Participant: 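For reference, the structure I am asking about is given below.
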Amino acid sequence: MNFKYFILSSRMPHSDNYLHLYNEIYDLWEDIFDPVLNGQAHADSILDTDLCTGIVSDGKVIGCHFYRFLNLKTTSVRQCSYFKDLSDSSWSFLTENNFTKLMSLEFLLVHPDFRKSKVGFSLSETLISLGLKIMQSTSYHAGIGTARTVVKVDQSTHKVGFITVQEKIDKFGNNCSFMVCPANNVKKNPDFQVQRTVQLLWENRIDETQLTFAKPDFSQEISA
């Protein structure tokens with residue numbers, strides 16, 4: 001199969017050349033996640049993220065994933081709704097490990113026609129590994145996510161280095177677990193076909209934001 005991997009801004013593509021792709025990613029997300037979120041798949045949920053990614057096959061979006069960059073040193077982030085269900089022990093896990101710069105992985109989905117039973121390997125696990133490559137390229141401390149257990153997303157993330165930090169979190173009636181993957185704990189997916197696809201897509205990625213090609217420098221401090 002001929003796959004292409006795109007990285008776009010979640011709020012608005014910088015180039016009009018990607019508007020159709022951006023809209024197709026949003027439409028697929030809305031179709032798949034509206035029932036998952038009990039009819040509450042609002043555009044605000046996507047606009048609150050920073051990056052959206054899509055795997056395209058023969059001009060059709062077949063999978064996508066969204067990411068948000070969070071700095072726990074900021075008061076607003078610590079008070080945002082994303083963290084409202086975290087227990088004291090989960091907060092302690094983050095702070096004791098000095099995980100302050102986090103990238104959340106959100107709204108993982110693959111078109112039903114391209115599930116593992118149809119294509120022979122997991123494109124959702126492919127997207128998870130690609131997401132971790134984005135996280136590593138930005139020098140953030142850890143990837144985080146609330147994984148739906150009914151579709152075994154938590155088990156998929158365990159394969160590549162995520163740790164279950166908190167269980168039994170309710171998200172729109174879905175049982176979820178809070179997962180954390182330290183940047184130094186990222187692993188290759190054990191499925192060779194997933195590994196190979198991740199490598200090919202990453203090496204040939206089309207990053208409209210140029211974020212993954214930049215070399216972040218956090219050494220400069222601004223004095224008040």
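Hydrogens, waters and symmetry mates are skipped; everything else that's a heavy atom, side chains included, is used. This is a predicted model, so every value here is computed, not measured.
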Participant: Restricting to pairs with a member in residues 71-100, which pass salt bridge (charged side-chain N to carboxylate O under 4.0 Å, His left out), not counting sequence neighbours?
Facilitator: D85-K171
Participant: Report yes if some heavy atom in the side chain of S156 is under 4.5 Å from a heavy atom in the side chain of I128; otherwise report no.
Facilitator: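 When only atoms from C-beta onward are counted, I128 and S156 do touch, with a gap below 4.5 Å.
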Participant: Nearest 0.5 angstrom please: M103 CE to I134 CD1, how far?
Facilitator: 6.0 Å
Participant: Just jot down the ring-ring contact (aromatic ring centres under 6.0 Å, His included) partners of F69, sequence neighbours excluded, or say none.
Facilitator: Y140
Participant: Within the structure provided, determine whether V186 and V160 are in side-chain contact (heavy-atom separation under 4.5 Å).
Facilitator: no
Participant: Would you list the pairs meeting ring-ring contact (aromatic ring centres under 6.0 Å, His included) in which at least one residue belongs to residues 81-106, sequence neighbours left out?
Facilitator: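 The answer is F83-W91.
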Participant: Cluster question for you: counting only ILVMFWY and a side-chain heavy-atom cut-off of under 4.5 Å, with indirect links fine, are F66 and Y18 together?
Facilitator: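 The answer is yes; both residues are in one hydrophobic cluster.
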Participant: Let me confirm one number: the CE-CD distance from M179 to E167, rounded to the nearest 0.5 Å.
Facilitator: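 It is 9.0 Å, given to the nearest 0.5 Å.
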Participant: With clusters defined by side-chain heavy atoms of hydrophobic residues (ILVMFWY) lying less than 4.5 Å apart, directly or transitively, does F162 cluster with L130?
Facilitator: yes
Participant: Using a 3.5 Å distance criterion without hydrogens, assess whether the side chain of D207 forms a donor-acceptor pair with backbone atoms of T212.
Facilitator: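 Yes: the side chain of D207 pairs with the backbone of T212.
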Participant: For Y67 together with H65, are the ring centres under 6.0 Å from each other?
Facilitator: yes
Participant: Look at D50 together with R11 and state whether they make a salt bridge at an N to O cut-off of under 4.0 Å.
Facilitator: yes
Participant: Distance-only, no hydrogens or angles: does the Q195 side chain make a donor-acceptor pair with backbone N or O of N189 under 3.5 Å?
Facilitator: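 Yes.
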Participant: Do L211 and I7 have side-chain heavy atoms sitting under 4.5 Å apart?
Facilitator: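 With C-beta onward as the side chain, the pair stays apart.
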Participant: So is R196 actually on top of F121's ring, under 6.0 Å and inside 45° of the axis?
Facilitator: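 No, a cation-pi geometry is absent between R196 and F121.
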Participant: Less than 4.5 Å apart, side chain to side chain, heavy atoms only: is that true for V151 and N174?
Facilitator: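 Not touching, per the 4.5 Å side-chain cut-off.
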Participant: Would a 4.5 Å heavy-atom cut-off, applied to side chains only, mark E208 and Y22 as touching?
Facilitator: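 Result no, sub-4.5 Å side-chain heavy-atom pair not found.
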Participant: I'd like to know if the side chain of N204 and the backbone of L200 have a donor-acceptor N/O pair within less than 3.5 Å.
Facilitator: yes
Participant: Could you grab the distance from atom CG of L123 to atom NZ of K118, nearest 0.5 Å is fine?
Facilitator: 12.5 Å
Participant: Does C64 reach the side chain of V110, with side-chain heavy atoms less than 4.5 Å apart?
Facilitator: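 When only atoms from C-beta onward are counted, V110 and C64 do not touch, as no gap falls below 4.5 Å.
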Participant: Below 4.5 Å, heavy atoms only, C-beta onward: do V150 and N175 meet side chain to side chain?
Facilitator: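 When only atoms from C-beta onward are counted, N175 and V150 do not touch, as no gap falls below 4.5 Å.
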Participant: Output the distance between atom OH (Y26) and atom OG (S10), rounded to the nearest 0.5 Å.
Facilitator: 12.0 Å
Participant: Given 3.5 Å as the limit, does a donor-acceptor pair link the side chain of H141 with the main chain of K101, or not?
Facilitator: yes
Participant: Same hydrophobic cluster for V77 and L105, using side-chain heavy-atom links shorter than 4.5 Å among ILVMFWY?
Facilitator: no
Participant: So, does S122 use its side chain to make a donor-acceptor pair with the main chain of E125 at under 3.5 Å?
Facilitator: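 Here the side-chain-to-backbone pair exists.
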